Amino acid sequence: MNNMEKESTLTTMPAINDGARISGSEAVIRALINEGVDTVFGYPGGAIMPIYDEVFKFDEQISHVLTRHEQGAVHAAQGYSRASGKVGVCFATSGPGATNLVTGIADAQVDSTPLVCITGQVPSGLLGSSAFQEIDIIGISMPITKWNFQVTRAEEIPEAIARAFYVARSGRPGPVLIDITKDAQFGLLDFHYAPCQGIRSYKPVPDLDEFRVAEAASLINAAQQPLILAGHGILLSGAEKELLELAEKADIPVACTLLGLSVMPDDHPNYVGMLGMHGNYAPNKLTNECDVLIAIGMRFDDRVTGDLSQYARQAKVIHIEIDPSEIDKNVKADIPVLGDAREVLQALNEKIKPAAHAEWRARFRELEQVEFDKIIYHDTTPTEGQIKMGEVINLVSQQTKGEAVIVSDVGQHQMMTARYYKFNRPDSHITSGGLGTMGFALPAAFGAKLASPNRQVVAVVGDGGVQMTIQELATMVQYHVPVKIIVLNNNFLGMVRQWQQLFFEKRYASTEMVNPAFAEVAKGFGLESKRIAERAGLARAIADMLAWEGPYLLEVAVEKEENIFPMIPSGAAVTDMRLE
């Protein structure tokens, strides 16, 4: 879909907000308003200045958030989208402004986050001339967008934006980029806007195959040791209720991927933990003992499967997935069921018979106790030594009652957050999954807070990742966004250091960090802040942070060479999970 024909192939609704002759830049803003956009993140520059002039005129209808870097804008749009379920929107100028969006766009593509990114471009007459700040952002972004398009005439703008929103949100969501030349922004058009309802040759949701659904139901009804792998697709489709019905009716244990976390309450008796390299012992190990594996809205990432040659060889695999390209890509499906997760589960639940698998679920509890005794207890309730990351997350979980939106960066703290925060509400876990983007959390957290003003939003970051986008503290202050930030500071790039310790004979090459005083840096930006290094004051410090009305940064000095276990070594099987 990355080479859109100029001719219209849309199936449209009657035009709305028809108006007089207006500029292309005004058409951009009016189109966004018609799509229900009320918040845009961005950074201005010469090639997009006409659009920003219209933002100024329409400021009562669209709120623009000036980030301190274009990467901050795109991550903020991601956080906004993930927390709200809406399409996130960001602006950037041409050249370096556009290329600074690339990491966030790639992140959104891998994690199926719907975005519309609008970039300014040099005038069409200068395209290909190496003009000042000209870059081929269409060519650069083609592999990492769901669709992209360059607008060179003002009259193309309404249709291009309508299509962008349709593509971004339909089927498996993803990012779209629209590049608009400066002369198209200044040009005039008779404005007509009609939301896109379909595109020829693009079928975002496969037709439901009732025969496949019946096959899947028959296999589940006959299973003795079934296991559900719940992925991000369940949250994207809003299928949490349907998942719960399937799990309870057929009494099936449910394990979550990293991005699937919060799809089911942590204290539900059928919930058995997180999959993956640093996930929970029981669901990883028992993946290779189940007889039917039901994967829903997940793509069998290598961090979940480990060695594919030894992954679930004994099981019949049912793969429920909206994207046909994911079927059989990594794990061969015995019964592939294409479709939207919610629609498929609704049909499946009608054919599922009540069942009980008490002995099978008890196996998970046995292994859960092994992990608790050997790892979890010591991570979350230490009484001596330095503060541990797990105890910080455990206290945050307790004090927020599992109700907060948790935004984590990438590294050891990310895995500790995923392991020890007890999620009790859907859409409560926002992180960079497939791409693993350090620097994601700070901007994503204030985007999430703007989308969820009535929920507590806590960003958990490491001392490495926070320094990649620390300038966005200024954005939080300028717009009074009361995000609570916890910096877990171990003066190391902790995840890399752990691998160096375990697999490179403790050769700590370029991983030890000399850090600034984060609490003092935060004060310089205008945030309330505190640093704590003693366990005795930790709980009170977290409580004070959560009670503060504005943005707050709490720096916690944690154990310097702490490792995360369990761990599946790279290339090992899920059954080879190390507990120490």
Side-chain angles (χ1 to χ4, degrees), residues 1-14 31 34-36 81 85-88 105 108-117 138 141-149 156 158-178 193-216 231-239 242 295-300 317-348 350 434:
M1 290 191 59
N2 280 309
N3 291 306
M4 182 182 84
E5 300 176 10
K6 296 283 176 134
E7 299 81 26
S8 173
T9 58
L10 304 183
T11 304
T12 60
M13 297 174 61
N34 274 282
E35 288 291 344
S81 175
K86 300 178 182 179
V87 177
I105 293 172
Q109 176 81 332
V110 178
D111 286 351
S112 303
T113 304
L115 298 182
V116 169
C117 304
I138 294 297
S141 66
M142 189 174 290
I144 57 170
T145 50
K146 196 175 175 187
W147 175 63
N148 64 14
F149 182 64
E156 296 173 329
E159 182 179 336
I161 291 179
R163 181 179 292 214
F165 276 86
Y166 176 73
V167 173
R169 66 164 67 101
S170 61
R172 180 179 180 176
V176 170
L177 183 138
I178 303 295
Y193 194 81
C196 178
Q197 297 296 303
I199 301 173
R200 187 180 62 208
S201 78
Y202 171 52
K203 191 175 179 61
V205 181
D207 292 331
L208 186 64
D209 188 333
E210 294 287 353
F211 177 75
R212 286 295 195 188
V213 173
E215 281 190 312
H232 191 204
I234 295 171
L235 293 165
L236 291 171
S237 68
E242 288 74 15
I296 309 171
M298 55 89 71
R299 57 190 177 83
F300 288 111
V317 176
I318 299 167
H319 194 178
I320 299 170
E321 173 58 49
I322 200 169
D323 184 352
S325 71
E326 295 295 347
I327 300 293
D328 295 340
K329 185 171 78 174
N330 295 321
V331 173
K332 175 70 175 176
D334 295 280
I335 302 177
V337 187
L338 284 170
D340 174 78
R342 186 178 182 187
E343 183 182 3
V344 172
L345 288 177
Q346 286 173 342
L348 185 62
E350 293 179 0

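Remember, it's a predicted structure, so these values are computed and weren't measured experimentally.
- When every heavy atom of Ala31 is checked against every heavy atom of Tyr193, the shortest pair comes out as CB-CE1, 3.4 Å.
- The shortest side-chain heavy-atom distance between Lys146 and Ser170 falls under the 4.5 Å cut-off.
- Rounded to the nearest 0.5 Å, atoms CD1 (Ile161) and CG (Asn34) are 10.0 Å apart.
- Under the 4.5 Å side-chain criterion, counting only non-hydrogen atoms from C-beta, Leu338 is not in contact with Asp209.
- Proximity of Pro336 to Glu321: side-chain heavy atoms (C-beta onward) are nowhere separated by under 4.5 Å.
- With hydrogens and angles ignored, the 3.5 Å screen pairs a side-chain donor or acceptor of Asn330 with a backbone N or O of Arg299.
- When each of Val167, Asp111, Leu115 is paired with Pro175, the side chain to side chain contact (heavy atoms under 4.5 Å, CB included) condition holds for Leu115 and for no other.
- At least one donor-acceptor pair under 3.5 Å links the side chain of Asn148 to the backbone N or O of Ile138.
- Residues that satisfy the side chain to side chain donor-acceptor pair (under 3.5 Å) test with Arg172, not counting sequence neighbours, are Ser112, Asp323, Glu326.
- No donor-acceptor pair under 3.5 Å is formed between the side chain of His319 and the backbone N or O of Lys332.
- Between Trp147 and Ala160, the closest heavy-atom pair is CZ3-O, 3.7 Å.
- Taking CD from Glu343 and CD from Gln346, the interatomic distance works out to 7.5 Å, rounded to the nearest 0.5 Å.
- Put simply, the side chain of Asp328 gets close to the backbone of Ala333: a donor and an acceptor are under 3.5 Å apart.
- Not a single salt bridge (Lys or Arg N to Asp or Glu O under 4.0 Å) links Asp334 to another residue, sequence neighbours left out.
- The side-chain contact (heavy atoms from CB on, under 4.5 Å) search around Ile144 returns Val102, Ile105, Ala106, Ser141, not counting sequence neighbours.
- Residues Pro204 and Ile322 approach most closely at O-CG1, 4.0 Å, considering heavy atoms.
- Shown here are the ring pair (Phe, Tyr, Trp, His ring centres under 6.0 Å) partners of His232, two or more places apart in sequence or in another chain: there are none.
- Of all the heavy atoms in Met298 and Gly231, the pair that sits closest is CB-CA, 3.8 Å.
- Between Ser237 and Ala341, the shortest heavy-atom contact is OG-CB, 3.4 Å.
- Every residue meeting the side-chain contact (heavy atoms from CB on, under 4.5 Å) condition with Ala216, not counting sequence neighbours, appears here in chain and number order: Ile318, Ile335, Val337, Leu348.
- Residues satisfying the side-chain contact (heavy atoms from CB on, under 4.5 Å) criterion with Val87, sequence neighbours excluded, are Pro114, Val116, Phe165, Ala168, Arg169.
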